[in-house]
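These notes are about the structure you will find just below.
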Amino acid sequence: MTELTREYAELLDKQDQLSHFRDEFYLQSNTIYLDGNSLGLLSKRAEASLLSIVDSWKTLGIDGWMQGEHPWYYFAEKLGKLSAPLVGAKPREIIVTGSTTTNLHQLVATFYKPQGKRSKILADELNFPSDIYALQSQLTIKGYDPKTHLVQVKSRDGRTIYEEDIIDAMTEEIVLIILPTVLYRSGQLLDIERLTKEAHKRGIVIGFDGCHSVGAIPHYFSEWDVDFAYWCNYKYVNSGPGGVGGLYVNERHHGKTPGLAGWFGSNKEKQFDMKHEFTPAADSGAYQIGTPHILSMAPLYGSLQLFKEAGINELRKKSLRSTTYLMELIDQELSQFGFHMANPKEDSRRGGHVSLEHEEAARICKALKKNGVIPDFRSPNVIRLAPMAFYTSYVEIWESVQILKKVMVEKQYEEFKNEREVIA
Ligand SMILES: *Cc1c(COP(=O)(O)O)cnc(C)c1O
């Protein structure tokens, strides 16, 4: 039972090789931040790279495109190259551009090639709504009815999706598959390699939404031959609110004309020829559309330096240790309060957060916040708790569970309404 003591948590912190990264982040006193899977916190490095870009605008004006520490004209490619180790891709396969949803639109516009009967898109019924909206509108644009042409694999338990069920749904009518790497609610990690193999056996193109895994879990997109992927950088990658997203396209597909063309997707040497014939970049840069959002990309540079120093494999190891520790504490301290742990328990099947279900979840979250613990509520009944490998200490995990226990014992949640806020 030593695991239950604060001293044990302190010991874990002492043994933690990554603990010094905590000083790199802006943490608020009296607050335990467990919501880095929705919006990662600001690091000093990210702040510095943002200020450096602001300074280049201040001092260089238009010449900032080609001069300064980070010439803006090549910044998306530079950040793509730095992102490559996070997802196991070749530098030229990644570009930092757009948002999760706009990148999905771009990729579906490029890779959805219906041919006769082979015209349906396969997704799952638990993916994030924005992904589903994008797929519905892409089908509509092509003249198909999403009701018949978007096939969504059912969940057997409302929390997870069985890989077997996805594979069974890979029929000869399916031409494209879009799945999350990690499900945003339950935190289930899908077997990306296996699903990619099975899709390719059937001649189906497959792409993944990496929002809940990039920056938390190492991937091997190139090696696994994943066709494409897209993700946001403001969750585990700590690039700031609305930070520009990332996109991977396997080099096998390079040279295709993107579905949504724009001048920033040009071959960079030709772009300023201002010709009306589009010459796409020879790499994933082709998927850019308009002028890059330089200020919203700037913090990513500093943040990626931290990833380079820590290493994604080490971060994953700590994340697994932290979530394992959190799950053990929850099992031992909270068993009589009606929580259900909805995330898979095996390391190979879970992402970076613990998913707790409770019928009073909305107001339990409000009570936690009042006590200085920042969780994440997902309607109707999910509390997501995400210890961040970069900055959450084991003592904070221990304290969070003590506070949650106190909230339950004293029924502190009863002073709040069990409804979500506008943002939750
Ligand atoms: C966070 C998230 C999004 C958000 O999309 P944006 O275009 O960045 O607003 C989309 N899909 C998933 C799975 C997410 O987790």
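Both counts, for ligands and for their atoms, begin at 1 and track the order of listing. Quantities reported herein were computed from a predicted structural model and do not represent experimental measurements.
Nearest heavy atom pair, residue M170 against residue R202, reads O-CD, 3.3 Å. Taking each heavy atom of V249 and H254 in turn, the nearest pair found is O-NE2, 3.0 Å. L79 approaches L304 most closely through the heavy-atom pair O-CD1, 3.8 Å.
Counting heavy atoms under 4.0 Å from ligand 1, residue T100 touches it through both backbone and side chain. No part of T102 comes within 4.0 Å of ligand 1, judged by heavy-atom distances.
Close approach to H212 involves these atoms of ligand 1, each under 4.0 Å from a residue heavy atom: 15 (O). In summary, the atoms of ligand 1 found under 4.0 Å from a heavy atom of Y234, numbered by their order in the structure, are 1 (C), 4 (C), 5 (O), 6 (P), 8 (O), 9 (O). Applying the 4.0 Å criterion to heavy atoms of T101 picks out, from ligand 1, the atoms 5 (O), 6 (P), 7 (O). Taking every non-hydrogen atom of K235 and a distance limit under 4.0 Å, the qualifying atoms of ligand 1 come out as 1 (C), 2 (C), 3 (C), 14 (C), 15 (O).
Polar contact check, Y184 against ligand 1: no nitrogen or oxygen pair lies under 3.5 Å apart. Residue S99 has at least one nitrogen or oxygen atom sitting less than 3.5 Å from a nitrogen or oxygen atom of ligand 1, judged on distance alone. In terms of polar-atom proximity, S130 is not counted as a contact of ligand 1, lacking any N or O under 3.5 Å from an N or O of the ligand. In terms of polar-atom proximity, N127 is not counted as a contact of ligand 1, lacking any N or O under 3.5 Å from an N or O of the ligand.
The residues E198 and K201 are annotated as salt-bridged, a charged nitrogen and a carboxylate oxygen being separated by less than 4.0 angstrom. Between R45 and E309 there is a salt bridge, since at least one side-chain N of the basic residue sits less than 4.0 Å from a carboxylate O of the acidic one.
The side chain to side chain donor-acceptor pair (under 3.5 Å) test with E314 is passed by exactly one of R316, K318, K317: K317. Paired with W72 under the rule ring pair (Phe, Tyr, Trp, His ring centres under 6.0 Å), one option of Y301, W65, F264 passes, and it is W65.
The aromatic ring centres of F111 and H253 sit less than 6.0 Å apart. A centroid separation of 6.0 Å or more is found between the aromatic rings of F390 and Y236.
Nearest protein heavy-atom neighbour of atom 13 (C) of ligand 1: D209 OD2, 3.2 Å. In terms of protein heavy-atom proximity, atom 11 (N) of ligand 1 is nearest to D131 OD1, 2.7 Å.
Of the listed options F128, Y230, Y133, F208, F128 places a heavy atom closest to atom 3 (C) of ligand 1.
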